[in-house]
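For the single chain, residues carry numbers from 1 onward in sequence order.
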Amino acid sequence: MSAAPSVGVVIPTRGDRPGQLREAAEAVLTQRYAGPLEVVVVADGGPALAREAARSLDGLPLRVLPNTRTPGLPGARNTGIDACATELIAFCDDDDVWRPGKLAAQAEALERAGGEFASCAIEVEHGGRRVARLAGSDTVTAADLTRSRMMMVHSSTFLFRRGALRPDESAPAGQNEDWDLALRAAKRRPLVHIDRPLVLVRWARSHYAARWADRIAGLEWMLARHPELAVDPCGAARVYGQLAFSHAALGQRRAALRWAARTVTTRPLEPRGAIAAAVAAGLIPASAVLSALQRRGHGI
């Protein structure tokens with residue numbers, strides 16, 4: 001690169017993990033990056049929460065702002081984007097940690113490819129265990145993200161050109177807004193992907209993992225926004241299986257079995273259908289399934 005582009009990093013927070021928030025911010029601020037770097041922490045909860053977050057970040061060269069848009073993660077991220085006047089925007093969740101060199105490697109790859117949106121592989125931490133999640137490719141297409149959610153294309157890996165795209169604040173409870181954003185970006189141009197785990201993603205205290213009603217609403221929202229998700233049998237069966245499991249976790253047996261049957265009909269080898277049916281039948285708790293998967297760096 002002849003000149004490294006300026007980067008604005010948006011870190012949304014709900015203020016309930018100040019130690020991890022500070023660690024996330026420090027990992028961003030200590031990146032060896034040649035261009036201008038601006039870090040904005042957005043507190044999703046009003047001015048009082050913003051003041052509390054600022055106290056936990058005392059001494060760090062960043063700004064802390066309250067979310068002034070729709071309450072929730074997409075609104076907080078858009079508040080941060082609005083506050084930055086940089087060429088590129090990056091996201092980092094308040095419980096994740098960027099590895100050294102993450103930002104420079106992505107910005108260079110993005111400029112070299114002439115791309116709009118970049119991601120990278122991740123290392124998932126859960127229960128004291130860490131598992132690398134790789135894509136096996138240096139690009140991610142819309143077809144890839146339709147066939148699979150591709151969890152390594154995680155919001156804390158996102159780096160994209162400011163003005164090209166924004167999170168959609170209509171996402172129910174913020175569910176799947178990151179998948180939607182990445183899929184919309186990939187429809188414009190394949191994502192530039194660095195297949196090295198440059199971000200540590202912590203799942204132990206995720207705000208989204210077991211909010212089953214919200215997950216159902218988020219999946220239905222994705223199916224309505226991206227009809228192609230129902231076309232690819234592999235991708236469709238995965239979504240139907242997630243819907244079946246979420247209904248089963250809520251004790252909604254009939255809905256769970258209906259979606260499980262649709263899963264198996266769409267793709268007989270998709271395991272989520274059988275797993276959801278087992279949960280619906282009371283053979284295994286949903287929490288036990290989720291815990292076992294997360295220890296291996298996977299979600300349902």
Side-chain angles (χ1 to χ4, degrees), residues 1-12 24-25 27-42 62 73-74 77-93 96-124 132-146 148-168 177-201:
M1 293 183 295
S2 57
S6 57
V7 179
V9 184
V10 179
I11 306 177
V28 169
L29 289 165
T30 55
Q31 293 283 308
R32 289 193 169 187
Y33 183 65
L37 182 64
E38 182 178 356
V39 181
V40 178
V41 173
V42 182
L62 49 72
L73 189 54
R77 286 181 170 148
N78 283 334
T79 294
I81 292 173
D82 290 341
C84 295
T86 54
E87 297 167 82
L88 302 178
I89 294 292
F91 291 159
C92 183
D93 290 353
D96 296 337
V97 178
W98 285 5
R99 297 301 195 194
K102 181 264 188 195
L103 186 55
Q106 281 190 297
E108 183 177 356
L110 194 64
E111 292 296 297
R112 186 170 58 246
E116 288 186 337
F117 200 107
S119 59
C120 65
I122 62 175
E123 188 176 35
V124 176
R133 294 296 304 273
L134 309 178
S137 174
D138 59 2
T139 59
V140 175
T141 67
D144 294 330
L145 286 165
T146 300
S148 169
R149 168 59 187 86
M150 299 190 72
M151 289 307 300
M152 71 292 301
V153 183
H154 186 278
S155 56
S156 289
T157 76
F158 290 0
L159 177 71
F160 55 96
R161 299 194 184 279
R162 187 177 185 277
L165 294 159
R166 295 168 66 91
D168 192 316
E177 53 87 25
D178 50 351
W179 183 20
D180 169 70
L181 181 61
L183 185 50
R184 284 190 284 124
K187 288 178 182 179
R188 290 165 57 96
R189 192 177 301 180
L191 309 189
V192 177
H193 183 79
I194 297 179
D195 211 26
R196 304 197 311 272
L198 298 177
V199 177
L200 174 65
V201 173

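Scanning for side-chain hydrogen bond (donor to acceptor under 3.5 Å, both in side chains) contacts around Gln31 gives an empty result, with sequence neighbours left out. Scored by the salt bridge (charged side-chain N to carboxylate O under 4.0 Å, His left out) test, Arg133 finds no partners at all (sequence neighbours excluded). Under the side-chain contact (heavy atoms from CB on, under 4.5 Å) criterion, Arg189 pairs with Glu116, sequence neighbours left out. For Glu87, the side-chain contact (heavy atoms from CB on, under 4.5 Å) partners at least two apart in sequence or on another chain are Pro5, Ser6. Asp180 pairs by the side-chain hydrogen bond (donor to acceptor under 3.5 Å, both in side chains) definition with Arg184, Arg225, His226, not counting sequence neighbours. Residues passing the salt bridge (charged side-chain N to carboxylate O under 4.0 Å, His left out) test with Glu123 are Arg99, sequence neighbours excluded. The side-chain hydrogen bond (donor to acceptor under 3.5 Å, both in side chains) test applied to Ser156 returns Asp96, not counting sequence neighbours. Under the salt bridge (charged side-chain N to carboxylate O under 4.0 Å, His left out) criterion, Asp138 pairs with no residue, sequence neighbours left out. Every residue meeting the side-chain contact (heavy atoms from CB on, under 4.5 Å) condition with Ala25, not counting sequence neighbours, appears here in chain and number order: Ile11, Leu57, Leu60, Leu62. Residues forming a salt bridge (charged side-chain N to carboxylate O under 4.0 Å, His left out) with Arg149 (at least two apart in sequence, or on another chain): Asp178. The ring pair (Phe, Tyr, Trp, His ring centres under 6.0 Å) search around Phe91 returns Phe160, not counting sequence neighbours. The side-chain hydrogen bond (donor to acceptor under 3.5 Å, both in side chains) test applied to Thr79 returns Asn67, not counting sequence neighbours.
Closest heavy-atom contact between Thr141 and Asp144: N-OD2, 2.9 Å. Minimum heavy-atom separation, Ala142 to Leu183: O-CD1, 3.7 Å. The two residues Glu38 and Ala85 come nearest to each other via the heavy atoms OE1-N, 4.0 Å. Shown here for Ala132 and Pro197, the closest heavy-atom pair between the two residues is CB-CG, 4.5 Å. Listed here is the closest heavy atom pair of Cys92 and Pro12: O-CD, 3.4 Å. Heavy atoms only, all atoms of each residue included: Tyr33 and Val7 are closest at OH-CG2, 3.6 Å.
With a 4.5 Å cut-off on side-chain heavy atoms, Met152 and Leu134 do not count as touching. Under the 4.5 Å side-chain criterion, counting only non-hydrogen atoms from C-beta, Asn78 is in contact with Pro167. With contacts defined as side-chain heavy-atom distances shorter than 4.5 Å, the pair Ser155/Asp93 qualifies. Between Val192 and Thr139 the shortest side-chain heavy-atom distance does not fall below 4.5 Å. Two residues are said to be in side-chain contact when any heavy atoms from C-beta on lie closer than 4.5 Å; Leu181 and Phe117 meet this criterion. Using a 4.5 Å heavy-atom threshold, the side chains of Cys84 and Val40 count as touching. Residues Val153 and Cys120 form no side-chain contact, since every pair of their non-hydrogen atoms from C-beta on lies 4.5 Å or further apart.
A distance-only check finds a donor-acceptor pair linking the side chain of Trp179 to the backbone of Leu145 [under 3.5 Å]. With Arg161 contributing its side chain and Gly115 its backbone, the two residues share a donor-acceptor pair below 3.5 Å. One N or O on the side chain of Gln106 and one on the backbone of Thr157 form a donor-acceptor pair closer than 3.5 Å.
Put simply, CD1 on Ile194 and CG on Leu191 are 12.5 Å apart, with the number rounded to the nearest 0.5 Å.
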Item to check | Derivation and outcome, side chain to side chain contact (heavy atoms under 4.5 Å, CB included), residues Leu159 and Ile89 | outcome: CA-CA 6 Å; Leu159 177 71; Ile89 294 292; over 6 Å; no

Next on the checklist: With side chain to side chain donor-acceptor pair (under 3.5 Å) as the criterion, how do His193 and Ser119 come out once you've worked through the C-alpha distance, each side chain's angles and the decisive distance to 0.1 Å?
Outcome noted: CA-CA 5 Å; His193 183 79; Ser119 59; 2.8 Å; yes

Next on the checklist: If you apply the rule side chain to side chain contact (heavy atoms under 4.5 Å, CB included), what do you find for Lys102 with Val199, and how did you get there?
Outcome noted: CA-CA 7 Å; Lys102 181 264 188 195; Val199 177; 3.9 Å; yes

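The residues Arg166 and Glu177 are annotated as not salt-bridged, no charged nitrogen and carboxylate oxygen being separated by less than 4.0 angstrom.
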